[in-house]
Amino acid sequence: MKKKFLKISNDLIKNSLDKGPLAFIFRTKTHTILVFNIFGSEKVTFENLCKNLDNVASRTTIQSILIEGVKKDYLSKVVDKNDKRKKYYNCINLKDTLDEWYKSTKTIFI
């Protein structure tokens with residue numbers, strides 16, 4: 001069992017040092033939680049994220065990560081057609097990367 005956790009640790013280190021999308025996802029604990037929260041949600045706004053992560057990160061940190069993710073085209077921000085004040089975030093551009101990472105780490109635990 002302990003060796004499996006060591007494999008996960010090595011995987012996280014390797015991914016955080018990567019230059020691509022995995023480096024963004026695993027840069028910090030907050031990055032990872034934020035991306036996983038967005039990916040696991042149907043529709044999520046900045047306010048939803050702040051509420052969900054209020055014990056994990058400040059509003060400023062969440063906003064900074066979202067701005068960075070949108071700039072790097074890892075995250076998308078979509079304006080609601082009916083209410084222009086609402087902006088939803090998604091991880092469509094990270095779907096393949098997250099699916100691949102999930103499959104590879106899942107094999108470690110089997």
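The basis for the numbers below is simple: all heavy atoms, side chains too, and nothing from hydrogens, waters or symmetry mates.
Criterion: ILVMFWY side-chain heavy atoms under 4.5 Å apart, direct or through other members. Under it, Leu66 and Ile25 are part of a common hydrophobic cluster. Note on Leu12: it clusters hydrophobically with Leu22, by side-chain heavy-atom contacts below 4.5 Å among ILVMFWY residues. Under the 4.5 Å side-chain contact rule for hydrophobic residues, Ile67 and Tyr88 do not share a cluster. Neither Val78 nor Ile65 shares a network with the other; the hydrophobic side chains, linked directly or stepwise wherever heavy atoms of I, L, V, M, F, W or Y lie under 4.5 Å apart, form separate groups for each.
Pairs of residues two or more places apart, or lying in two chains, that qualify as salt bridge (Lys or Arg N to Asp or Glu O under 4.0 Å) and include a residue from residues 83-92 are Asp83-Arg85. Within the structure, ring-ring contact (aromatic ring centres under 6.0 Å, His included) pairs that include any residue of residues 4-23 do not occur (at least two apart or interchain). The list of salt bridge (Lys or Arg N to Asp or Glu O under 4.0 Å) pairs with a residue in residues 23-40, not counting sequence neighbours, reads Arg27-Glu68. Every pair passing ring-ring contact (aromatic ring centres under 6.0 Å, His included) that includes a residue from residues 48-83 is listed here, sequence neighbours excluded: Phe24-Tyr74.
A donor-acceptor contact shorter than 3.5 Å links the side chain of Asn10 to the backbone of Leu6.
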Show every donor-acceptor pair shorter than 3.5 Å between a side-chain atom in residues 33-50 and any protein atom, with sequence neighbours excluded, or say none if there are none.
{"from": "Asn37", "atom 1": "OD1", "to": "Asn52", "atom 2": "ND2", "distance (Å)": "3.3"}
{"from": "Ser41", "atom 1": "OG", "to": "Asn37", "atom 2": "O", "distance (Å)": "2.7"}
{"from": "Thr45", "atom 1": "OG1", "to": "Glu47", "atom 2": "N", "distance (Å)": "3.4"}
{"from": "Thr45", "atom 1": "OG1", "to": "Asn48", "atom 2": "N", "distance (Å)": "3.1"}
{"from": "Thr45", "atom 1": "OG1", "to": "Asn48", "atom 2": "OD1", "distance (Å)": "2.9"}
{"from": "Glu47", "atom 1": "OE1", "to": "Arg59", "atom 2": "NH1", "distance (Å)": "3.2"}
{"from": "Glu47", "atom 1": "OE2", "to": "Arg59", "atom 2": "NH2", "distance (Å)": "2.8"}
{"from": "Asn48", "atom 1": "OD1", "to": "Thr45", "atom 2": "N", "distance (Å)": "2.9"}

Indicate every side-chain donor-acceptor pair of residues 89-98 with a distance under 3.5 Å to a residue at least two apart or in another chain.
{"from": "Asn90", "atom 1": "OD1", "to": "Ile92", "atom 2": "N", "distance (Å)": "3.2"}
{"from": "Asn93", "atom 1": "ND2", "to": "Asp73", "atom 2": "O", "distance (Å)": "2.9"}
{"from": "Asn93", "atom 1": "ND2", "to": "Asp73", "atom 2": "OD1", "distance (Å)": "3.3"}
{"from": "Lys95", "atom 1": "NZ", "to": "Asp99", "atom 2": "OD2", "distance (Å)": "2.6"}

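Judged by distance alone, the side chains of Ser58 and Thr61 do bring a donor and an acceptor atom under 3.5 Å apart.
Here the CD-OG1 distance, from Glu100 to Thr105, works out to 11.0 Å after rounding to the nearest 0.5 Å.
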